[in-house]
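Written out below as structure tokens is the structure these notes cover.
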There are 2 protein chains.
Amino acid sequence: MIPRDSDSAGSRPKDALRAWFLGPRAENAELLEHLVVEALRDHVFWRRNYHPEDGFTIREMDKRREGYEESVAVLTQELMGLLAELKRDVPFFSGRYKGHMIAEQTIASQIGYFATMLYNPNNIAAEISPVTTRLEMEVAGDLARMIGYDSSKSWGHLTSGGTIANFEALWLARSVRYLPVAAARVAGELGLDLQVRTADGRALPVAELPLWDLLNIPNEASLDLWELLWQARPATEVRRALANHSLAAIGYQEYSRRLALDYGDPLPAAVVLVASTAHYSWEKIVRALGIGSNQLVHVPVDTHFRMSPDALWQQISQLARHRQPILACISVCGTTEESAVDRLDHVLEIRRRAERELGVTFHVHSDACYGGYAAALTRGSDGRRRAAAEIQAAAGTNWPDADWVSSIVALQGVDSVSIDPHKMGYVPYSAGAILVRDGRARHLVATDPPYLTPPDTPEPEIERFLGRYILEGSKAGAAAAAVWLSHKVLPLNERGYGYLIERTVAGARRLHEALRDGLAEFRVVLLPLPDINIVCYVTCHHSLKSLESLNAFNERVYAHMSMARSNGAAEYIISRTRLHSPMYDGAIDPILAELGVCSVDEWKGSGVGLVVLRSTVMDPFMADPAPDHVAGYLAAVSRACTAALQ
Amino acid sequence: MIPRDSDSAGSRPKDALRAWFLGPRAENAELLEHLVVEALRDHVFWRRNYHPEDGFTIREMDKRREGYEESVAVLTQELMGLLAELKRDVPFFSGRYKGHMIAEQTIASQIGYFATMLYNPNNIAAEISPVTTRLEMEVAGDLARMIGYDSSKSWGHLTSGGTIANFEALWLARSVRYLPVAAARVAGELGLDLQVRTADGRALPVAELPLWDLLNIPNEASLDLWELLWQARPATEVRRALANHSLAAIGYQEYSRRLALDYGDPLPAAVVLVASTAHYSWEKIVRALGIGSNQLVHVPVDTHFRMSPDALWQQISQLARHRQPILACISVCGTTEESAVDRLDHVLEIRRRAERELGVTFHVHSDACYGGYAAALTRGSDGRRRAAAEIQAAAGTNWPDADWVSSIVALQGVDSVSIDPHKMGYVPYSAGAILVRDGRARHLVATDPPYLTPPDTPEPEIERFLGRYILEGSKAGAAAAAVWLSHKVLPLNERGYGYLIERTVAGARRLHEALRDGLAEFRVVLLPLPDINIVCYVTCHHSLKSLESLNAFNERVYAHMSMARSNGAAEYIISRTRLHSPMYDGAIDPILAELGVCSVDEWKGSGVGLVVLRSTVMDPFMADPAPDHVAGYLAAVSRACTAALQ
């Protein structure tokens, strides 16, 4: 919207970094206050200048009445109370916070949110958010281009968070995957000769395909079929026929009944393959969608906590042998516990092999809620891809390697991606995002409100009515403006988010290296170097001889370094997790071996998992020599260990 | 948190009203700016005082570097661009906006949101939102008490909006309604003798009940059964058994297969009854949940757009005859198009009759997303209920009548209620809320993250981990603080929200009355007096002789009074909707008769519905004599009609 030299933003990211945030000591307070007051006054003058002939509703004498004054007094008093209470909140802004995946937010997003909140647009429809609906579409375009989607074909939008984004991805996936089953019935009913491309590349009449083949149509072919359907007959006819046959209309119970009736063998319920490190919300999602959590099949991870391609292939082959369809495969880009980045390039290669050799295909989704923004590292300021060597040279480290870059570049080949701006986009809650490579999928889940049905409603108006295509209804336009403004100041390339995230990786690696040396009498067993910026480790002492005592010890260390459990006395703040069987089977073996307190079988049998201390390094200043928070962190862990031993 | 005289807040609501909002001319700008700067500085000093020994990360000389200055310049420039763009946004604050259900927000919620956003707590878990998770629970308690739930037994939380709240309600309902089927299998497998209370009041062994009876167990009895299960055997055993039999685990496809196998007749899929005026998102919800939109059964409404109790009874009797189970009945408190308030007391009476006479029962949910806050009118400042006569006397009108109050009081008897603070709570997006009368239901949808599984995790910590029980994950603690602060300043009774909403009703009635007189040569056919504050009407002219021309005329009037279609030139801003068949069958008859351009059958056959102009009066100053926005509105509609006729 503002003509400006595309080279200017963040051309000196090292210096710009210090302008991006309010700062651990609120060093940029003057700047933020200036912008906040400016934005507020600008809004105030807008109100004043809107039909000034209307006169005043609240007059100066009204402000002198007792009821008015009392209300202001109550507001001020309660606000002061709230501000006082908030001092018990967690200091995410500080270099001393190294816990969950949360840090401070960019000034751009804070001011973007605040300024827009005064207008309070609702991005459910452009009619009540003419500006911010456009900003939301621009933001979706930014993210799509960053990961390498063709933004003229893809589609995306913001959600209230990663769970909803992931939910929508699977909801869209189900609609696309099951469309051929409905289309076969519609074709039969309306006497249509519709051809469809199968997983092994043949073009066949959809009405004659066996159920197994219908459930293994590639996504793109399914969406082509969708278009053919609407071209074959008038819209009202197609709509009526789909309402008799689509899963969305008839529901799962009727769907199952008909499969049994029409095909004799309804096949077992389709599964969803997930990396065993996948977020626990995937379980919520398959339950809510009616898929069932027993259909969630965990694919083992390797010792770097990345989905094992061999295990994935074995799983697919076995499912194919049992004629069990696969709805989707969920790969992770930045696991919530370890920031591991799946070899997505290998996952896609395996899908190609499955199509070729088994006639099996499925939707591939990347849960990049945490790691997605790291794709900015693979983009130069002119938008071109950067190779690993180039990124390494600029960063002055041996990270990332070419495999990592291949994994990230592979995002451009998956069917859908979820990315949370409110995680590594450093914007305030709530802002998740879902991107779909083939945007036609949105039409399969569209629901029309009563006021959008006139047949002459112009296409752009329909497209700008987001509520039609998404799960949520009302949504804050302010969130879109926050992300938009942040992307303007920190571009999605080496000069903006790329640099920011590279700094956090440098900090995480510095911490990892420092911990490796141990802490006086305490040994530190580390998980491997992270793919992004989460450092996990177990603290041990020679006196601890069992899994139980080791877990209890690490829980006590955690308690010393947790805001709540230390009653705010924690010097540095960390988080902790538990590595459970069977999710971490295989992956945990080297760690248990190094710990030496229990066998893999004992760990499996215990049912309690291994307690692991965890620090998310979203702080971009962690790699700086001063203030030296690595030294401070180590000293704090050391003291916590000493205290925990007593 | 602050000890204060409960009588002080809003004791003179008439005067306090003018302190609650920034104001149409930003009359309270000084107050808001003062509080914003205060909150920002307070936060800044928190950062400064947090471990000052850490020194500075951003030094004054850093701010003089070119890269820093450039970044600040980009931020400032882009923000100015955004502020300029936002001038094209919709002036929701003005008395001239009478469109969708959106108005300006309370100052309390604006400042509460902004102040807390600087801390950016995440209410997914108290560990990263120690203050705001508590505020969210307090807010849920406020709303529960307002509608008459026993807040020690109920449970609730905020959501990103009404659709998610409604989704969760149906998700919880399904879990509770289908539990007895799973429990019967678990009882059989583990050899448990579990008694359950049936809809007609008998206590019978669950394992021996026929399928029809299992699907007609009252909610409370189902939750008692849940408790019995966990008491009967060790937790691990019960967990394992439920994982083999609950719908959440096995999914719909396997569930259907087993019903057919175990019971011979699986029964038709359960339906969801909705008032035919229900929001279009219910269709999204049943599709996503896997229930299927064909299972959504619309219950006709009467000429006041309230669900017809007779039609409801007929529907239930017919379903019972066909042995089709009912999952839930969705009643509406404040329809989105007309603000109609269902006779919920009658709906509940019909459920009692169905239990008694048919042995049929179901979950009753009230979609009070829009109207829920109106329950504040039925509360005195001491919390007691106010009768219709008392409310009328205080307001000086003949509204509301005793039936309205009975409908609202009935909220205390439904199984779940959704209420959006970001609608008539006058807080910024995004804030919806779901309340469940029997809070035990939350345990049926709980999903554990890996770090919350140690068996010794204290109960309060589990309860404060909201992510465990809800669909969403990360969520803005700032939204909770915004609602909380607003409830403190505007209590949920006659002195706060009750007074505010009463004023909007007065404004809506003034507008309704004024429109009744027509607009010079144009006749206005009105929908009946609204139950709350949405005024709907059709403008007509004697030259318009067909439904088609009447619709086109009203669409043109709308275009003149729409921000987007008038290119910002609209004098007053309204919205419009379409009343379609079969949803409005019956209800529309008197309106069509008064219009006299087409018969009911012509309207049904047209397929395009009737275009209706619609004004949501959330403006509390509409009833005021000056500025006289009723007169201004009428003049604007009149001019729009004249222009539309040409």
Side-chain angles (χ1 to χ4, degrees), chain A residues 1-2 9 12 15-16 18-19 23-24 26-27 29 42 44 47 54-55 57-58 62 65 67-68 71 74-75 78 81 83 85 89 117 119-120 131 160-161 163 248-253 256 269 280 283-284 287 290-294 428-430 447 449 451 473-474 476 488-489 577 621 627, chain B residues 1-2 9 12 15-16 18-19 23-24 26-27 29 42 44 47 54-55 57-58 62 65 67-68 71-72 74-75 78 81 83 85 89 117 119 131 160-161 163 248-253 256 269 280 283-284 287 290-294 428-430 447 449 451 473-474 476 488-489 577 621 627:
Chain A
M1 78 207 341
I2 303 162
R12 293 162 185 80
D15 299 331
R18 286 177 158 69
E27 293 94 331
D42 187 86
V44 161
R47 292 197 180 197
D54 287 351
T57 300
I58 303 164
D62 293 329
R65 292 187 196 277
Y68 180 97
S71 183
V74 170
L75 169 59
E78 293 288 351
L83 296 179
E85 283 289 316
D89 207 71
M117 191 179 75
Y119 296 78
N120 203 35
V131 182
S160 69
T163 303
I250 66 177
Y252 264 120
Q253 284 189 261
S256 312
Y280 75 97
E283 193 173 332
K284 281 189 206 177
R287 287 177 178 187
I291 294 169
S293 52
N294 294 352
Y429 297 108
S430 293
T447 310
Y451 38 92
S474 296
K488 287 290 169 193
V489 178
T577 188
F621 305 112
Chain B
M1 78 207 342
I2 303 161
R12 291 161 188 82
D15 300 329
R18 289 177 155 70
E27 292 94 330
D42 187 86
V44 161
R47 291 197 182 197
D54 287 351
T57 299
I58 303 164
D62 294 329
R65 292 186 196 279
Y68 180 98
S71 183
V72 171
V74 170
L75 168 60
E78 293 287 351
L83 295 180
E85 284 288 317
D89 207 71
M117 192 179 75
Y119 296 79
V131 182
S160 68
T163 303
I250 67 177
Y252 264 120
Q253 285 189 261
S256 313
Y280 75 97
E283 193 173 332
K284 283 189 202 174
R287 287 178 177 186
I291 294 169
S293 52
N294 294 354
Y429 297 109
S430 296
T447 311
Y451 38 94
S474 295
K488 286 290 169 194
V489 178
T577 188
F621 305 111

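In this text, all values refer to a predicted model and were calculated from it rather than measured experimentally. Residue numbers start from 1 in every chain, and the chains themselves are labelled A, B, ... in the order their sequence lines are given, proteins ahead of strands.
- A:Thr447 touches chain B through backbone and side chain together, each having a heavy atom under 4.5 Å away.
- Residues forming a salt bridge (charged side-chain N to carboxylate O under 4.0 Å, His left out) with A:Glu27 (at least two apart in sequence, or on another chain): none.
- A distance of 9.5 Å separates CZ of B:Arg287 from CG of B:Asn294, quoted to the nearest 0.5 Å.
- For A:Tyr68, the parts sitting under 4.5 Å from any heavy atom of chain B are the backbone and the side chain alike.
- When B:Val44, B:Thr163, B:Asp42 are compared by the number of non-hydrogen pairs under 4.5 Å with chain A, B:Asp42 comes out ahead.
- In terms of heavy-atom pairs under 4.5 angstrom with chain B, the leader among A:Ala26, A:Ala249, A:Ala29, A:Gly23 is A:Ala249.
- The two atoms that bring A:Asp15 and B:Gly67 nearest to each other are CB-CA, 3.8 Å, heavy atoms only.
- Interface residue A:Leu83: backbone and side-chain heavy atoms are both found under 4.5 Å from chain B.
- Every salt bridge (charged side-chain N to carboxylate O under 4.0 Å, His left out) that A:Arg18 has, sequence neighbours left out, goes to A:Asp624, B:Asp62.
- A:Ser430 places a side-chain N or O within 3.5 Å of a backbone atom of B:Ala476 that can act as its donor or acceptor partner.
- The nearest pair of heavy atoms linking B:Val72 to A:Ala19 is CG2-CB, 3.9 Å.
- Only the backbone of B:Ile291 has a heavy atom closer than 4.5 Å to any heavy atom of chain A.
- Ranked by heavy-atom pairs under 4.5 Å with chain A, the list B:Ala269, B:Gly55, B:Gly473, B:Ala248 is led by B:Ala248.
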